[in-house]
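Remarks on the structure that follows.
Please read these numbers as outputs of a predicted model, since none were measured by experiment.
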Amino acid sequence: MYTVTKEIYFCYGHRLMNYDGPCRYLHGHNGKVEVELARESLDERGMVVDFSEIRHVIKEWIAHTLDHTMLFRKDDPLIPILKEKKERFYLMDENPTAESIARLIYDYARSQGFPVTRVTLLETESAFATYRGS
């Protein structure tokens, strides 16, 4: 099995609903995501996937969708205010935890045809979550 991993850096804000800790307040992270792709054999170029393809598709999607964006659960009561103020936000079905953000990126990469095997989101240098698919 051959694997390649691309690191992508982005900034995002969020808060967690129904949570008693400090993450219930609006706050932000300088995140790093690791996207791992794997294949049993290499393509005709000798690659799993060209790093530039990962950059053009996955990194660009993160840049346009998640970077410098507030991530909220879809029923967050702040949404009407943010809409009124024309603020940038992205709505998720569940709390925007590191786990659910990792899965969001995994699902996007998979939907674009990438042989993704793992996405790890590092919220801080010492706290991270991984999604490997089902």
Before giving the answer on side chain to side chain contact (heavy atoms under 4.5 Å, CB included), spell out for L26 and L78 the whole-Å C-alpha distance, their side-chain angles and the decisive distance to 0.1 Å. CA-CA 10 Å; L26 293 172; L78 286 177; 4.0 Å; yes

Just do the side chain to side chain contact (heavy atoms under 4.5 Å, CB included) check on F128 and K32 with the steps written out, would you? CA-CA 9 Å; F128 54 91; K32 176 175 87 168; over 6 Å; no

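The minimum heavy-atom distance between F51 and K6, with the atom names listed, is CD2-CD, 4.3 Å. Nearest heavy-atom pair, A129 versus A102, reported as atom, atom and distance to 0.1 Å: O-CB, 4.1 Å. The shortest non-hydrogen separation linking V116 to V35 is CG2-CG1, 4.1 Å. Residue V49 comes nearest to V4 through the heavy atom pair O-CG2, 4.3 Å, listed as atom of the first residue, atom of the second, then distance. Summarising the geometry of A38 relative to M1, their closest heavy-atom pair is CB-SD, 3.6 Å, with the distance given to 0.1 Å. Closest approach of L42 and Y2 over heavy atoms only: CD2-CG, 3.5 Å.
A donor-acceptor pair under 3.5 Å links the side-chain atoms of H14 to the main chain of P96, judged by distance alone. For the pair R24 (side chain) and D20 (backbone), a donor-acceptor distance under 3.5 Å is present. Within the 3.5 Å criterion, the main-chain N or O of M17 finds a donor-acceptor partner in the side chain of N95. Checking side-chain atoms of T65 against main-chain N and O of I62 turns up no donor-acceptor pair under 3.5 Å. Remark: the backbone N or O of T69 is not paired with any side-chain donor or acceptor of R88 at under 3.5 angstrom.
Between E36 and the choices T3, T130, T117, the side-chain hydrogen bond (donor to acceptor under 3.5 Å, both in side chains) rule is met once, by T117.
Looking only at atom types and distance, the side chain of R118 has a donor-acceptor partner in the side chain of T120 under 3.5 Å away.
A distance of 9.5 Å separates CG in L121 from CD in E34, rounded to the nearest 0.5 Å. Here the straight-line distance linking atom CH2 of W61 with atom CD of Q112 works out to 9.5 Å at 0.5 Å rounding. Here S100 contributes atom OG and M92 contributes atom CE; the two are 3.5 Å apart, rounded to the nearest 0.5 Å. One distance of note links CG of L104 with CG of L71; it measures 8.0 Å at 0.5 Å rounding. The CG atom of D76 sits 10.0 Å away from atom CG of L16, with the distance rounded to the nearest 0.5 Å. I8 CD1 to R55 CZ: the interatomic distance, rounded to the nearest 0.5 Å, is 10.5 Å.
The aromatic rings of Y131 and Y106 lie perpendicular to each other, with more than 60° between the two planes, well past the 30° mark.
No continuous path of ILVMFWY side-chain contacts below 4.5 Å connects I54 to M47, so the two sit in separate hydrophobic clusters. There is no path of hydrophobic side-chain contacts, each under 4.5 Å, that joins L122 to L66. Hydrophobic clustering (side-chain heavy atoms under 4.5 Å, transitive across Ile, Leu, Val, Met, Phe, Trp, Tyr) keeps V33 apart from Y9. No single ILVMFWY cluster, assembled from side-chain heavy atoms under 4.5 Å apart, contains both F10 and M70. Taken together through direct or relayed side-chain contacts under 4.5 Å among Ile, Leu, Val, Met, Phe, Trp and Tyr, Y25 and Y19 form parts of separate hydrophobic clusters.
Salt bridge status for R132 with E99: absent, with no side-chain N to carboxylate O gap under 4.0 Å. Between R73 and D93 there is no salt bridge, since none of the side-chain N atoms of the basic residue sits less than 4.0 Å from a carboxylate O of the acidic one.
The neighbour count for K59 NZ, taken as heavy atoms of other residues, nucleotides or ligands under 6.0 Å away, does not exceed 12.
Ring centers of H29 and Y12: under 6.0 Å apart, within the cut-off.
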